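In each ligand, atom 1 is the first atom listed, and ligand 1 is the first ligand listed. This is a predicted model, so every value here is computed, not measured. Numbering starts at 1 and runs along the sequence shown.
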Amino acid sequence: MKIKFLDLLKQPITNSYLKSLSKKVLKKEFFYKLIVLFDTSNFLVTISQPLDPKKQYTNKYAHRASQSTTMKKSFKIIARKLQLRFKPKTSMEIGSNDGVFLKNFKKNKIIAIEPCSNLAKITNKQGYLTYPNFWNKKLAKKVLKKFNFFDLIYSANTISHIPNLKETFDSINMSLSENGVFVFEDPYIGSVLKMNSYDQFYDEHVHLFSFIAINNLVKESDLKIFDVELLPTHGGSIRFYVCKKTGNHLVSNNVKKLKNKELRQSLHKILTYRKFAKRVKKSKKELISLLIKLKKKKETVISYGATYKSATIFNYCNIGKDLISYVIDSTKNKQGKFTPGMHLPIKSSDNGIPDEVRYVFLGAWNFIKEIKKKEIRFIKRGGKFITHVPKVKLV
Ligand code: DWN
């Protein structure tokens, strides 16, 4: 049974940065109701109304994974680790974005899948064969006609974006060599509950994974989890190591440990999620009241990072230009546009936080260390960051 526990109100497509605020553009803006469910039969947390992926992953996809040095480093480390541990002859990445992981492989040793054709173009140009398609059974069959079974399939921040997990895992099973491994990582629901990071829910994050949920789901596709890791990336992620049910990989102690930890944390109980929903409501109230207080003091508040996550916050809390003047971001193709739904202008972050600004909301709170390093001048002159994780506060 699927039980609703969180209502994040009317939300836009997070990738739909607006070119202008003309009547024509505003009329076309699409909204849907963001409601989050808990499935009591398999423990999966899912949004109630996944959108049509063709509307989301277009040739105008804005996010570039290589914009953060933290992520570049993390992808380099995992690419090396996987090559050393599994010695794959053939590899595939699902959801390769702008090639930040691929770059750590030889061009003839890996292929990629990336449905956003503007991104697939980038990696194809770099010499990494990239299919500009969605991962499904049809594509798996097409790929297998040209390539042998894969020793390694890797995917970061992609599997949680796919509505049909059964077809996804079945297609993985079809594509793996006998002892091949499927390694994937996505935001972790355990961290979302701990950090109160409700902004991890948006149209693209169709599911947020726990070990216990994925353990149930991969079994249905004759796969098994043989190792698992919790990661600090994106405010807390989970990395699964999966092989065929018949694969010869020994099951690590981490598997049992994490399963027990999640049961202790009651990730299998609806009450846990209901309590979280209450904390989300409280966080909304506190953030709005802090921003109103700063407005009364005539302070200019801006936001750092035109993240997809912050679209959830701004729309759920109804934060418009009256409370946050604009957003700064290093991604060229976001600059000069407006954030989805609340229409905050996006400016370049190249020159750092302007001198007249003393308060900056952390839209990219997951990169706080990296941002603090860049914004030493702001910190030295007494500037304060505002965050909502794990509680609304000044940093
Ligand atoms: O899964 C997803 C994640 C990985 O990326 C996607 N569905 C979409 C996207 O979500 P997001 O926008 O919430 O992700 P990030 O990686 O938190 O976005 C960071 C944003 O902040 C980027 O637009 C780049 C920007 N940034 C910046 O302007 N200065 C980032 C850093 C580190 C900086 O120093």
Just list the N/O pairs, ligand 1 to protein, that are under 3.5 Å apart, with the distance for each.
{"from": "ligand 1", "atom 1": "1 (O)", "to": "His161", "atom 2": "NE2", "distance (Å)": "3.2"}
{"from": "ligand 1", "atom 1": "1 (O)", "to": "His205", "atom 2": "NE2", "distance (Å)": "3.3"}
{"from": "ligand 1", "atom 1": "5 (O)", "to": "His63", "atom 2": "NE2", "distance (Å)": "3.1"}
{"from": "ligand 1", "atom 1": "7 (N)", "to": "His161", "atom 2": "NE2", "distance (Å)": "2.8"}
{"from": "ligand 1", "atom 1": "7 (N)", "to": "Tyr202", "atom 2": "OH", "distance (Å)": "3.1"}
{"from": "ligand 1", "atom 1": "7 (N)", "to": "Glu204", "atom 2": "OE1", "distance (Å)": "2.6"}
{"from": "ligand 1", "atom 1": "10 (O)", "to": "Tyr202", "atom 2": "OH", "distance (Å)": "3.3"}
{"from": "ligand 1", "atom 1": "12 (O)", "to": "Tyr308", "atom 2": "N", "distance (Å)": "2.8"}
{"from": "ligand 1", "atom 1": "13 (O)", "to": "Tyr308", "atom 2": "N", "distance (Å)": "3.3"}
{"from": "ligand 1", "atom 1": "13 (O)", "to": "Lys309", "atom 2": "N", "distance (Å)": "3.3"}
{"from": "ligand 1", "atom 1": "13 (O)", "to": "Lys309", "atom 2": "NZ", "distance (Å)": "2.8"}
{"from": "ligand 1", "atom 1": "17 (O)", "to": "Lys309", "atom 2": "NZ", "distance (Å)": "2.6"}
{"from": "ligand 1", "atom 1": "17 (O)", "to": "Asn366", "atom 2": "OD1", "distance (Å)": "3.4"}
{"from": "ligand 1", "atom 1": "17 (O)", "to": "Asn366", "atom 2": "ND2", "distance (Å)": "2.8"}
{"from": "ligand 1", "atom 1": "23 (O)", "to": "Asp329", "atom 2": "OD1", "distance (Å)": "3.1"}
{"from": "ligand 1", "atom 1": "23 (O)", "to": "Asp329", "atom 2": "OD2", "distance (Å)": "2.6"}
{"from": "ligand 1", "atom 1": "23 (O)", "to": "Thr331", "atom 2": "OG1", "distance (Å)": "3.3"}
{"from": "ligand 1", "atom 1": "23 (O)", "to": "Lys334", "atom 2": "NZ", "distance (Å)": "2.6"}
{"from": "ligand 1", "atom 1": "28 (O)", "to": "Ser330", "atom 2": "N", "distance (Å)": "2.7"}
{"from": "ligand 1", "atom 1": "28 (O)", "to": "Ser330", "atom 2": "OG", "distance (Å)": "3.2"}
{"from": "ligand 1", "atom 1": "34 (O)", "to": "Lys374", "atom 2": "NZ", "distance (Å)": "2.4"}

Judged by modelled atom types alone, do Tyr304 and Glu375 share a side-chain donor-acceptor pair under 3.5 Å?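 Yes, Glu375 and Tyr304 have a side-chain donor paired with an acceptor closer than 3.5 Å.
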
Arg85 with Asp227: basic N within carboxylate O range, under 4.0 Å: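 The answer is yes: the pair qualifies as a salt bridge.
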
Decide, yes or no, whether a salt bridge links Lys332 with Asp350 under the criterion of side-chain N to carboxylate O below 4.0 Å.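 A salt bridge is present here (some side-chain N lies under 4.0 Å from a carboxylate O).
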
List the residues meeting side-chain hydrogen bond (donor to acceptor under 3.5 Å, both in side chains) with Gln11, not counting sequence neighbours, and say none if there are none.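 So Gln11 forms no side-chain hydrogen bond (donor to acceptor under 3.5 Å, both in side chains) with any residue.
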
Under the side-chain hydrogen bond (donor to acceptor under 3.5 Å, both in side chains) test, which residues partner Thr130, sequence neighbours left out?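 Applying side-chain hydrogen bond (donor to acceptor under 3.5 Å, both in side chains) to Thr130 gives Thr123.
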
I need the full list of ring pair (Phe, Tyr, Trp, His ring centres under 6.0 Å) pairs touching residues 149-179, with sequence neighbours left out, sorted by first then second residue.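 Listed once each, the pairs are Phe101-Tyr154, His161-His205, Phe169-Phe184.
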
